[in-house]
Amino acid sequence: MKKIVLTLALAFVATVGFSQTEEELKGQLSAAKDSIAAIQGRADAIQGAIDALPGWKKGAFGTIGANLSSFNNWYGQGTPDLSSGNIGVTVNAFANLNEEKFFWRNSGNINLGWVKFDDKNDPTDDDSFKQGTDVFNITSLYGRKLSEKWAISGLGEYRTTILNNFNDPGYLDLGVGATWTPIADLVVVIHPLNYNFVFSDNDAVFESSLGAKIVADYTKQIGAVNFKSNLSMFQSYKSGDLSNLTWINSFGYTLWNGIGLGFEFGLRDNKQEALNFALTDNVNETFDTVDNKLQTYFLVGLNYSL
């Protein structure tokens with residue numbers, strides 16, 4: 001009986017001792033996390049001060065995605081002998097100059113993709129890679145500062161495709177107005193006087209016009225994370241059919257030595273492009289009858305940063 005009591009007492013003491021030790025360790029862990037958060041806060045403040053210094057700031061990041069496959073005698077699918085693939089590359093680059101009285105912000109976005117679907121049993125099937133996603137966009141914004149958050153600005157923006165139908169269509173926006181920078185990483189362009197030049201062989205569909213231009217760009221790097229969101233809108237004063245919108249979001253997470261995981265997602269609304277595409281199947285389509293569906297794309301793959 002004494003041995004049983006002694007054993008239970010020892011077990012109780014060990015349990016209490018372990019519980020106290022676990023609580024102590026949790027307290028130490030909480031203190032360590034608070035210290036890490038405080039250090040990160042100071043580091044972010046220093047980085048913010050560095051970013052606010054005059055001079056050039058340059059950088060680039062993007063995503064590379066690839067998926068290649070080959071099947072032979074795989075009878076469980078409709079095409080047992082198949083070679084397929086999907087390759088995509090994005091680039092987001094910027095070069096920004098910030099001075100006491102003015103700023104000059106330049107950025108570019110490229111998204112190129114190729115796809116392949118080759119039925120080996122069909123001699124007429126194309127076994128080459130065909131172009132998929134094709135996006136090219138460059139922007140240059142110059143502003144004379146009126147205050148810390150407002151500036152009088154001029155914007156030039158050019159958008160087209162480069163793998164096929166280069167500059168057909170192509171869009172060049174030139175305008176003046178104001179730029180608002182409420183926080184360090186957000187730039188909002190409001191240009192009520194903007195001309196949208198449209199270049200195309202099909203003059204019956206594509207038309208240049210005067211309108212308003214709104215651009216919102218948020219670019220942020222937090223440790224290993226790169227993020228960029230760019231919204232570009234043109235509202236034509238002549239007709240809503242000539243208006244357009246493009247919104248591109250890019251995300252990158254660096255795991256090792258500039259390499260990590262990346263994701264890019266884009267939206268576009270452009271009725272002129274929708275009508276131009278619909279006319280290839282129905283020559284009677286008009287702006288009033290065309291189904292202007294929202295254009296989208298996405299790419300997931302390896303991310304790189306420079």
Side-chain angles (χ1 to χ4, degrees), residues 60-93 108-138 159-170 200-201 225-230 245-270 272-282 285 290-306:
F61 74 97
T63 301
I64 300 175
N67 181 9
L68 305 176
S69 62
S70 179
F71 295 88
N72 294 293
N73 304 318
W74 199 263
Y75 299 116
Q77 62 182 16
T79 309
D81 301 297
L82 173 68
S83 176
S84 64
N86 189 321
I87 300 173
V89 178
T90 72
V91 179
N92 293 282
N109 171 261
I110 300 175
N111 188 321
L112 306 177
W114 297 265
V115 295
K116 174 182 178 180
F117 189 93
D118 173 31
D119 184 353
K120 300 176 184 178
N121 296 323
D122 184 356
T124 64
D125 200 10
D126 189 358
D127 62 354
S128 62
F129 279 89
K130 301 177 183 179
Q131 75 167 68
T133 309
D134 192 355
V135 177
F136 178 79
N137 187 2
I138 56 175
R159 307 181 308 281
T160 186
T161 56
I162 56 177
L163 295 180
N164 191 21
N165 298 327
F166 175 73
N167 207 40
D168 184 24
S200 175
D201 294 336
V225 177
N226 288 288
F227 178 78
K228 180 178 178 66
S229 181
N230 182 274
L245 175 152
T246 301
W247 187 22
I248 298 176
N249 299 276
S250 303
F251 173 84
Y253 181 73
T254 303
L255 296 174
W256 173 79
N257 201 25
I259 304 298
L261 301 176
F263 173 76
E264 181 164 302
F265 178 66
L267 301 172
R268 175 176 288 174
D269 180 83
N270 191 312
Q272 294 178 93
E273 292 179 352
L275 178 58
N276 185 59
F277 179 78
L279 286 172
T280 58
D281 295 326
N282 183 1
E285 285 281 12
V290 67
D291 185 10
N292 181 27
K293 297 180 179 179
L294 184 66
Q295 306 174 44
T296 66
Y297 75 83
F298 76 90
L299 175 66
V300 179
L302 292 177
N303 173 263
Y304 63 90
S305 60
L306 304 174

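The residues of the chain are indexed from 1 along the displayed sequence. On a predicted model such as this, the values are computed, not experimentally measured, just so you know.
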(message) Is there a side-chain contact between W114 and L163 in this structure, where contact means two heavy atoms from C-beta onward sitting under 4.5 Å apart?
(response) yes

(request) Grab the two heavy atoms, one from F265 and one from Y297, that are nearest each other, plus how far apart they are. (result) CD1-O, 3.2 Å

(message) So, taking the atom named CG in D119 and the one named OG1 in T124, what distance separates them when rounded to the nearest 0.5 Å?
(response) 8.5 Å

(request) To the nearest 0.5 angstrom, please state how far the CD atom of E264 sits from the OG1 atom of T90. (result) 4.5 Å

(request) With rounding to the nearest 0.5 Å, note down the distance linking CG in D269 to CG in N292. (result) 4.5 Å

(request) Indicate yes or no: at least one non-hydrogen side-chain atom of Y304 is less than 4.5 angstrom from one of V91. (result) yes

(request) Please name the pair of heavy atoms, one in D201 and one in D168, separated by the smallest distance, quoted to 0.1 Å. (result) N-OD1, 3.0 Å

(message) How close do G62 and N303 get, counting heavy atoms only, and between which atoms?
(response) O-ND2, 2.6 Å

(message) For a quick test of reading the model, state the closest non-hydrogen atom pair linking V89 to L299 and the distance between them.
(response) N-CD2, 4.0 Å

(request) Enter the distance from D125:CG to F117:CZ here, rounded to the nearest 0.5 Å. (result) 7.5 Å

(request) Nearest 0.5 Å please: distance from the OG1 atom of T79 over to the NZ atom of K120. (result) 11.5 Å

(request) Looking only at non-hydrogen atoms, find the nearest pair between D134 and I162 and report the distance. (result) OD1-N, 3.0 Å

(message) Which residue in the set T246, N137, N92 passes side chain to side chain donor-acceptor pair (under 3.5 Å) when paired with N109?
(response) N92

(message) For the OH atom of Y253 and the CZ atom of F61, what is their distance to the nearest 0.5 Å?
(response) 15.0 Å

(request) Grab the two heavy atoms, one from L279 and one from E285, that are nearest each other, plus how far apart they are. (result) CD2-O, 3.6 Å

(message) Strictly distance-based, threshold 3.5 Å: is any side-chain N or O of T160 a donor or acceptor partner for the main-chain N or O of F166?
(response) no

